[in-house]
Asks: 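The following block contains the structure, expressed as C-alpha cells.
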2 protein chains.
Amino acid sequence: MVDVRLPRAEQVKVRPAGTEELTTRDRIVEVAARLFHQYGYHATTMRQIAGGVGIKAASLYNHFASKQELLTTISYGTMCEMLASVQTALAGVRDPGEQLRAFVRAHTTYCIAERYRARVADELRDLDPENLLDVVAMRDRYEAVLRGILAALDASSGGAVGDVTLVANAIGTMASQVSTWYRDDGRLSPDEIADVYAALALGAALAGVSQSGARARPR
Amino acid sequence: MVDVRLPRAEQVKVRPAGTEELTTRDRIVEVAARLFHQYGYHATTMRQIAGGVGIKAASLYNHFASKQELLTTISYGTMCEMLASVQTALAGVRDPGEQLRAFVRAHTTYCIAERYRARVADELRDLDPENLLDVVAMRDRYEAVLRGILAALDASSGGAVGDVTLVANAIGTMASQVSTWYRDDGRLSPDEIADVYAALALGAALAGVSQSGARARPR
DNA sequence: ACAAGACTAACTACCGTTTGTTAGTCTAGT
DNA sequence: ACTAGACTAACAAACGGTAGTTAGTCTTGT
C-alpha cells in the first residue's frame, strides 16, 4: 500500500527503453486486481482503487469507461496471458506425460506469480453477459489444451486416465486454487510448488481408473 | 447450527413425521445461500432474499439481526456439517489409504449435495473479523483431519506422500472445487464423481514425491 | 495552442437498516 | 369458556449513507 507515485516530470523523462515504469492505466489494473481479489468486485469501490493509485475516483474514467470495463480488462487479459504462457511451455514437448507436467508447472507458476489477476479471472460471476462470453471462450480454449494432453496420455497409456473431462476439471481447479493458500513467506518456492503439483497431477491422471476398482465403463 | 424452531401452531398440528415443511428461517437460509453463491454476498440484496422467500426485506430482521449474521449462520453451520459428515464417514476405518478415500468421498459428496452452502462457506472474505475467527477455527479442525490421514499414509508408505501440508491443500481445494463444474444433468452421478475423486486423491498423494525426481528433501 | 489527464462538485440510485404498526395466536387467570 | 396480555412475524414508509458516474474546470508538457 506504499504510494509510489512519481512527479509528472519524471514519468516522461528518463525512460531507458528497458527500465519501464508503469503507465497510470497499468497501475490502475494492478491496484484493481489486488483489491478485487482481496475484497471482491462489488465490495471494492472506485474510490478505493483511485486511492491505491494516488488519484481521485473521477480520474479513473479518463482510462476506463466503467468499473465493469476495468474488470473485463483484467479478466480477459489474464486469460490471454495464461493461454500464451502454457503454449510457450508446451513448445517442443512431445511426450504426453511431459506435456502434462509442463502444463501444470506453467499454470501453477502463473497462478502464483500473478495470483491477484489469476483469482479475479477465475471469478466469472461479476462479468456482464457480453463480456462473460469473451472470457469464457478464452477459458474454453485453455481447458481444451489440457483435455487434449490428457486424451493423448489416455491413449498412450491404454486408457489409464479414464474420464478425460472430469480429470481435466479436477487437475485444472486444483492448480488454479494454489493461490488460495500460497504465502510469500512459505517454506517452498513457487518453482518447487509447481514441481510438486506437476507430480501430483501426473499421479492423479494415471490413477483415475486403475485404482477406482472395476468401474471401467466408458462415457 | 440448524435452528429447528417451528411456529407454535405447526408444532402441534399435523406433521406426518417425514413430510417436513421448512420454517421461514430455514427458507431464508436456503434462499440466501443460493443467491450468495450465484451473485456473491455484496451483490445480493436483502430485498432479493426477501423476494425469494416471499416476504418483505424488513421482515428478514425478525429472523436475523443483520445480513452479516445471515452469512455467518450459513458459513458456520455448513462447516460444522462438513466436519460431522467426514467424521461419520471415517468411523471404523483404520487403513490410511481407505481413510483418504472415505474422506475425499464424503467431502466431494457433501460439496455436490450442498453445493450452494459449501461454496459460500468456502468464501471467507465477506465475513466480519469476529465471525471469521469461528469459521476459520472450524475449517482448521477440518483440514487437520485430512493432514492426519495423510501423515499416517506417509508413515505407512515410507514417505511416499512427502509434503503432507502441501498435499492436503492440493487435495482439499481440488475436492472443494467440484461444485464449480458439477451439473445436475451431467453424465456422472455424484457418487460416481466422488469415487473417481477419491481415486485421484489417492493417486496424487502417493505420487507426490516418488515422481517428482530426486527432490526428497524433508520439511 | 492544444490535448491529456488530473481535480472539485454534484447527481441519481439504491442499499442495509430502523421505526411504528397490525393481524393473528398462544398463555393464563377467572 | 372467555378474555386480557404477551408474543410472533408480517408490513409500509422512511432514513442515513454510499455507490458509480457525469459535468465542468484547471494544470501541464509538448
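Because the structure is predicted, anything quoted here is derived from the model rather than measured. In what follows, every chain begins at residue 1, and chains take the letters A, B, ... in the order their sequences are listed.
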Asks: Of all the choices, D:dC11, C:dA9, D:dA10, which nucleotide is nearest to the side chain of B:Ala58 once you look at every atom?
Replies: D:dC11
Asks: OP1 or OP2 of C:dA6 less than 4.0 angstrom from a side-chain nitrogen or oxygen of A:Thr24, does that happen here?
Replies: yes
Asks: Using whole Å, report how far CE of B:Met46 lies from C1' of D:dG17.
Replies: 17 Å
Asks: Given atom CD1 of B:Ile49 and atom P of C:dC15, what is their separation to the nearest angstrom?
Replies: 11 Å
Asks: Using OP1 and OP2 only, check whether a side-chain N or O of A:Thr23 sits under 4.0 Å from C:dG5.
Replies: no
Asks: What is the distance, to the nearest angstrom, from the CZ atom on A:Phe64 to the C1' atom on D:dT22?
Replies: 18 Å
Asks: Do the side chains of B:Glu143 and B:Arg141 get close enough for a salt bridge, i.e. N-O under 4.0 angstrom?
Replies: no
Asks: When you check the side-chain N and O atoms of B:His107 and B:Tyr142, is any donor under 3.5 Å from an acceptor?
Replies: yes
Asks: Tell me: NZ of B:Lys67 to P of C:dT17, nearest whole Å?
Replies: 8 Å
Asks: At 4.0 Å (heavy atoms only), tell me whether B:Thr45 reaches a base, stays on the sugar-phosphate, or touches nothing.
Replies: sugar-phosphate
Asks: Do the side-chain N or O atoms of B:Ser59 get closer than 4.0 angstrom to the phosphate oxygens (OP1, OP2) of D:dA9?
Replies: no
Asks: Regarding B:Arg125 and A:Glu123, does a basic nitrogen lie under 4.0 Å from an acidic carboxylate oxygen?
Replies: yes
Asks: Between B:Leu60 (CG) and D:dA10 (P), how many Å, whole number?
Replies: 9 Å
Asks: Could you tell me the separation between the NE2 atom of B:His63 and the P atom of D:dC7, rounded to a whole number of Å?
Replies: 17 Å
Asks: Should A:Arg187 and B:Asp163 count as an ion pair when the cut-off is N to O under 4.0 Å?
Replies: yes
Asks: Can you measure B:Arg47 atom CZ to D:dA13 atom C1' for me and round it to whole angstrom units?
Replies: 11 Å
Asks: Before accepting this row, confirm whether a basic side-chain N of the pair B:Arg115/B:Asp184 lies closer than 4.0 Å to the acidic partner's carboxylate O.
Replies: yes
Asks: Spell out yes or no: do the side chain of A:Asn62 and the base of C:dA4 have one donor N/O and one acceptor N/O closer than 3.5 Å?
Replies: no
Asks: Would you mind telling me which of D:dA10, D:dA19, C:dG16 lies closest to the side-chain atoms of B:Ile55?
Replies: D:dA10
Asks: Could you state the NZ-P distance from B:Lys56 to C:dT18, rounded to the nearest angstrom?
Replies: 20 Å
